[in-house]
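Structure first, commentary second.
Within every chain, numbering begins at 1; the chains are lettered A, B, ... in the order of the sequence lines, protein sequences first and strands thereafter.
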Number of protein chains: 2
Amino acid sequence: MNSKKKLRKAGLRATKQRIVVADILFNGQHRHFTAEDLQSEIIKIGKHMSLATIYNCLKSFRDLGVIKQVESLSETAVFDTNVEYHHHFMNEETGELIDIKPSEINLSKLPKIPEGYSQSGLDVIIKLRKNS
Amino acid sequence: MNSKKKLRKAGLRATKQRIVVADILFNGQHRHFTAEDLQSEIIKIGKHMSLATIYNCLKSFRDLGVIKQVESLSETAVFDTNVEYHHHFMNEETGELIDIKPSEINLSKLPKIPEGYSQSGLDVIIKLRKNS
DNA sequence: AAGTAGTTTAGAATGATTTTAAAGTAATTT
DNA sequence: AAATTACTTTAAAATCATTCTAAACTACTT
């Protein structure tokens with residue numbers, strides 16, 4: 001099934017722009033990218049698309065669940081007076097953080113570190129939603 | 001030891017502004033805060049301090065190691081075509097991400113979720129640095 | 001008390017993202 | 001196939017967090 005049909009099926013208008021983005025993204029291989037990465041690629045294949053459109057498109061694809069936005073704790077810099085190694089709970093709505101002591105998490109198995117690199121940190125973030 | 005002495009000992013000039021910030025931050029209780037949170041508190045106690053100064057001050061305290069900047073993946077939005085639950089390696093210098101399959105991490109013990117909340121997500125980020 | 005080097009500051013600059021509102025277009029209806 | 005309508009795209013302006021600039025200031029040294 002081509003991108004046009006998939007978009008229609010998902011309830012989105014099959015605009016030229018969305019088709020271009022879908023054709024780039026869903027080629028079978030997973031990838032991480034920013035809005036600007038995508039714009040560069042679009043330019044590389046001789047097309048043009050405004051950044052606003054790219055943001056709009058990525059947002060609708062994300063809401064549809066066909067891509068994921070990688071979690072970032074907050075869009076503003078957050079500081080912590082606790083300088084010991086620890087993890088965090090994060091309230092998804094407010095961004096509020098609560099410390100988690102390392103002893104409360106057991107990370108008994110970790111993946112092999114890629115060749116040529118060393119581990120320089122490890123963060124666990126448990127996201128919370130208020131019960132309704 | 002008061003803030004003035006502590007700053008001097010750390011090799012930082014004991015400016016009025018740094019003393020105010022240190023007095024607010026190092027009162028024995030840990031906390032998470034943004035530059036603006038801090039400015040609001042400073043205004044609340046009848047003082048004034050420019051945001052640039054607050055950023056400068058937090059940066060020097062961070063470099064000194066007396067506060068920590070909570071990790072954020074990247075300052076720009078990153079998207080991922082892999083919508084399955086998974087974790088990430090992150091190259092600290094470039095921000096580049098590599099997927100980690102959940103089966104490669106064993107999280108056998110997790111902390112108790114705070115009263116009134118439910119877990120809505122869990123992310124593990126392993127930071128990498130290139131070997132020298 | 002004077003010197004100097006690090007600091008503070010307002011305001012400008014930057015960079016990512018969103019908004020605005022006008023022009024365009026996909027899908028529907030005629 | 002043309003007309004309609006509602007959703008989209010877009011350039012440009014706006015916004016927000018953060019950094020930079022460069023002039024005024026001040027902590028510490030001499």
Side-chain angles (χ1 to χ4, degrees), chain A residues 2-24 32-43 47-64 66-67 69-80 94-95 97, chain B residues 2-24 32-43 47-64 66-67 69-80 94-95 97:
Chain A
N2 62 24
S3 295
K4 190 166 185 170
K5 278 188 189 159
K6 277 191 218 146
L7 286 163
R8 285 241 188 76
K9 189 167 244 175
L12 284 184
R13 281 200 181 178
T15 64
K16 277 201 289 283
Q17 296 74 189
R18 283 176 181 155
I19 291 168
V20 168
V21 172
D23 285 345
I24 291 174
H32 302 100
F33 59 97
T34 65
E36 289 205 77
D37 291 340
L38 197 48
Q39 196 185 39
S40 303
E41 278 194 66
I42 289 167
I43 289 167
K47 297 192 199 288
H48 170 271
M49 202 175 304
S50 91
L51 260 181
T53 301
I54 292 174
Y55 277 107
N56 287 163
C57 180
L58 293 178
K59 209 182 291 188
S60 49
F61 283 9
R62 190 232 300 140
D63 293 347
L64 202 65
V66 297
I67 63 173
Q69 182 164 1
V70 180
E71 272 306 326
S72 187
L73 278 176
S74 145
E75 68 292 3
T76 86
V78 178
F79 296 88
D80 192 340
T94 63
L97 298 175
Chain B
N2 62 24
S3 296
K4 190 165 184 172
K5 278 189 190 161
K6 277 191 220 148
L7 285 164
R8 284 239 190 77
K9 189 167 244 175
L12 285 184
R13 281 203 182 176
T15 64
K16 277 202 287 283
Q17 296 75 188
R18 283 177 180 155
I19 292 168
V20 168
V21 172
D23 285 346
I24 290 174
H32 302 100
F33 59 97
T34 65
E36 288 204 77
D37 291 340
L38 197 48
Q39 195 185 41
S40 304
E41 276 193 67
I42 289 167
I43 289 168
K47 298 192 199 292
H48 170 271
M49 202 175 302
S50 90
L51 260 181
T53 301
I54 292 174
Y55 276 107
N56 287 163
C57 181
L58 292 179
K59 208 181 292 186
S60 48
F61 284 9
R62 189 233 299 140
D63 293 347
L64 202 64
V66 298
I67 64 174
Q69 183 164 359
V70 180
E71 272 307 325
S72 186
L73 277 176
S74 145
E75 67 293 3
T76 86
V78 178
F79 296 87
D80 192 341
T94 64
L97 298 175

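The distance from atom CG of B:Leu38 to atom P of C:dT8 is 13 Å, rounded to the nearest whole Å. Between B:Gln39 atom CD and D:dC16 atom C1' the separation is 14 Å, expressed in whole Å. Atom pair A:Leu7:CG and C:dT25:P shows a separation of 17 Å (rounding to whole Å applied). Here the C1' atom of nucleotide C:dT9 and the NZ atom of B:Lys47 are 18 Å apart, to the nearest Å. The separation between B:Ile19 atom CD1 and C:dT7 atom C1' is 13 Å, rounded to whole Å. Following rounding to the nearest Å, A:Leu51 (CG) and C:dT19 (P) show an atom-to-atom distance of 15 Å. The nearest whole Å value for the distance from the NZ atom in B:Lys59 to the P atom in C:dT8 is 13 Å. Atoms CD1 (A:Ile54) and C1' (C:dG15) sit 16 Å apart, rounded to a whole Å.
Between the side chain of B:Gln39 and the backbone N or O of B:Ser50, no donor-acceptor pair lies under 3.5 Å. In this structure, B:Asp37 contributes its side chain and B:Thr34 its backbone to a donor-acceptor pair below 3.5 Å.
Mapped onto DNA chain C by nearest heavy atom, A:Ala52 and B:Ser50 fall at different nucleotides, with B:Ser50 at the one closer to the 5' end. Each of A:Gln69 and B:Arg18 lies near DNA chain C, and the nucleotide nearest B:Arg18 is the one positioned closer to the 5' end.
Between the CG atom in B:Asp80 and the CG atom in B:Leu97 there is a gap of 7.5 Å [rounded to 0.5 Å]. Rounding to the nearest 0.5 Å gives a distance of 7.0 Å between NE2 of B:His48 and CD1 of B:Ile43. Taken to the nearest 0.5 Å, the CZ atom of B:Arg18 stands 11.0 Å off from the CE atom of B:Met49. Going from atom CD1 of B:Ile54 over to atom CZ of A:Phe79 covers 10.5 Å, rounded to the nearest 0.5 Å. The distance from atom CD of B:Glu75 to atom OG of A:Ser72, rounded to the nearest 0.5 Å, is 9.0 Å.
Within residues 70-78 of chain B, the residues that place at least one heavy atom under 4.0 Å from DNA chain C are, in residue-number order, B:Thr76, B:Ala77.
Residues satisfying the side chain to side chain contact (heavy atoms under 4.5 Å, CB included) test with B:Ser40, not counting sequence neighbours, are none.
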Scoring nucleotides 24-30 of chain D by protein non-hydrogen atoms under 4.0 Å (B base, S sugar-phosphate only, - none) yields --BBS--
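Listed pair A:Thr53 / D:dT10 meets the phosphate criterion, a side-chain N or O lying under 4.0 Å from OP1 or OP2.
A:Lys6 NZ: more than 12 foreign heavy atoms inside a 6.0 Å radius.
The B:His48 side chain lies nearest to C:dA10 when the options are D:dT10, C:dA10, C:dT8.
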